[in-house]
Amino acid sequence: MKSLPLFSCCSLTLLMQAMVSSATVAEDLASAPRSGSAERIERICLSATSTREQATAHKLVQPFQIIQRESRQRGAEAIGARLCRWNEQLVYEINLLRQDGRVIHVYFDATDGAEIADAR
């Protein structure tokens, strides 16, 4: 009998995050903030290293602060966060897993931590 590999909760979380991220790109773009209806949103997400550099250079709110606050307020577990540039605006995309299994994507202005869009 062949045994199945065991996965840690961290590897499963990363796998789930990758699946959610790839499956929701169109949804994320559809819910992106818009300054004009005819304007196309250009979305570029940064690596962890680039995120740290941008946070320092632009004195951005630390994503961990937002993650903690939103996890508590929404009763959900953080499964991912990333810094993206939407046109010229720096935005944190925070992904939370609710107790009912539903994933919440919430977006925050990285300069002040204010929520800018919520795609539940």
Side-chain angles (χ1 to χ4, degrees):
M1 182 169 178
K2 193 173 187 181
S3 64
L4 297 174
L6 295 176
F7 294 99
S8 70
C9 72
C10 294
S11 62
L12 287 176
T13 299
L14 291 174
L15 176 63
M16 189 165 109
Q17 179 182 356
M19 290 173 18
V20 168
S21 294
S22 64
T24 61
V25 170
E27 177 185 323
D28 291 347
L29 289 174
S31 64
R34 292 178 170 79
S35 57
S37 60
E39 184 178 324
R40 182 163 189 247
I41 301 299
E42 183 178 332
R43 179 174 177 248
I44 300 169
C45 294
L46 306 176
S47 68
T49 302
S50 295
T51 296
R52 283 189 293 276
E53 291 169 358
Q54 291 292 316
T56 302
H58 297 287
K59 297 182 180 169
L60 302 176
V61 174
Q62 293 298 315
F64 186 68
Q65 295 171 342
I66 298 171
I67 290 169
Q68 282 186 316
R69 180 187 71 209
E70 293 303 312
S71 291
R72 266 192 318 272
Q73 287 180 355
R74 297 172 188 265
E77 179 183 345
I79 57 172
R82 61 185 173 180
L83 179 64
C84 299
R85 182 178 300 281
W86 288 352
N87 292 340
E88 293 305 312
Q89 184 178 11
L90 290 172
V91 175
Y92 285 122
E93 176 185 313
I94 309 292
N95 300 312
L96 303 166
L97 178 63
R98 293 188 338 187
Q99 290 180 354
D100 65 1
R102 192 166 180 199
V103 176
I104 305 169
H105 306 281
V106 193
Y107 305 93
F108 298 88
D109 185 323
T111 59
D112 63 8
E115 186 172 348
I116 56 175
D118 185 356
R120 283 188 237 203

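Throughout, residue positions are numbered sequentially from 1 according to the sequence presented.
Scanning both residues, Asp112 and Ala114, for their nearest heavy atoms gives OD1-N, 2.9 Å. In terms of heavy atoms, Ala78 sits closest to Ile67 at CB-CG2, 3.3 Å. Scanning all heavy atoms of the two residues, the minimum distance from Gly113 to Phe108 falls at O-CD2, 3.3 Å.
Atom CD1 of residue Ile66 and atom CD of residue Glu115 lie 10.0 Å apart, to the nearest 0.5 angstrom. To the nearest 0.5 angstrom, Tyr92 atom OH is 12.5 Å from Cys45 atom SG. In this structure, CD in Glu53 is found 11.5 Å from CG in Leu83, a value given to the nearest 0.5 Å. A distance of 6.0 Å separates CD of Glu88 from CZ of Arg85, quoted to the nearest 0.5 Å. Atom CD of Gln54 is separated from atom CZ of Arg52 by 12.5 Å, given to the nearest 0.5 angstrom. In this structure, the separation between CD1 on Ile116 and CD on Glu93 is 10.5 Å, given to the nearest 0.5 Å.
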Please report the C-alpha distance between Arg82 and Thr51 in whole Å, then the side-chain angles of each, then the deciding distance to 0.1 Å, and finally whether the side chain to side chain contact (heavy atoms under 4.5 Å, CB included) criterion is met. CA-CA 8 Å; Arg82 61 185 173 180; Thr51 296; 5.9 Å; no

Give the C-alpha distance, both sets of side-chain angles, the deciding distance and a yes or no for side chain to side chain contact (heavy atoms under 4.5 Å, CB included) between Gln89 and Tyr107. CA-CA 12 Å; Gln89 184 178 11; Tyr107 305 93; over 6 Å; no

Trace of the side chain to side chain contact (heavy atoms under 4.5 Å, CB included) decision for Arg74 with Val106: CA-CA 11 Å; Arg74 297 172 188 265; Val106 193; 3.6 Å; yes

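Considering only heavy atoms from C-beta on, Leu60 comes within 4.5 Å of Thr111 through its side chain.
In this structure, the side chain of Asn87 engages the main chain of Glu42 through a donor-acceptor pair within 3.5 Å.
Contact check on Arg102 versus Asp100 returns no salt bridge, with no Lys/Arg side-chain nitrogen under 4.0 Å from an Asp/Glu carboxylate oxygen.
By the 6.0 Å contact criterion, CD on Gln99 is open, its count of non-hydrogen atoms from other residues, nucleotides or ligands being 12 or less.
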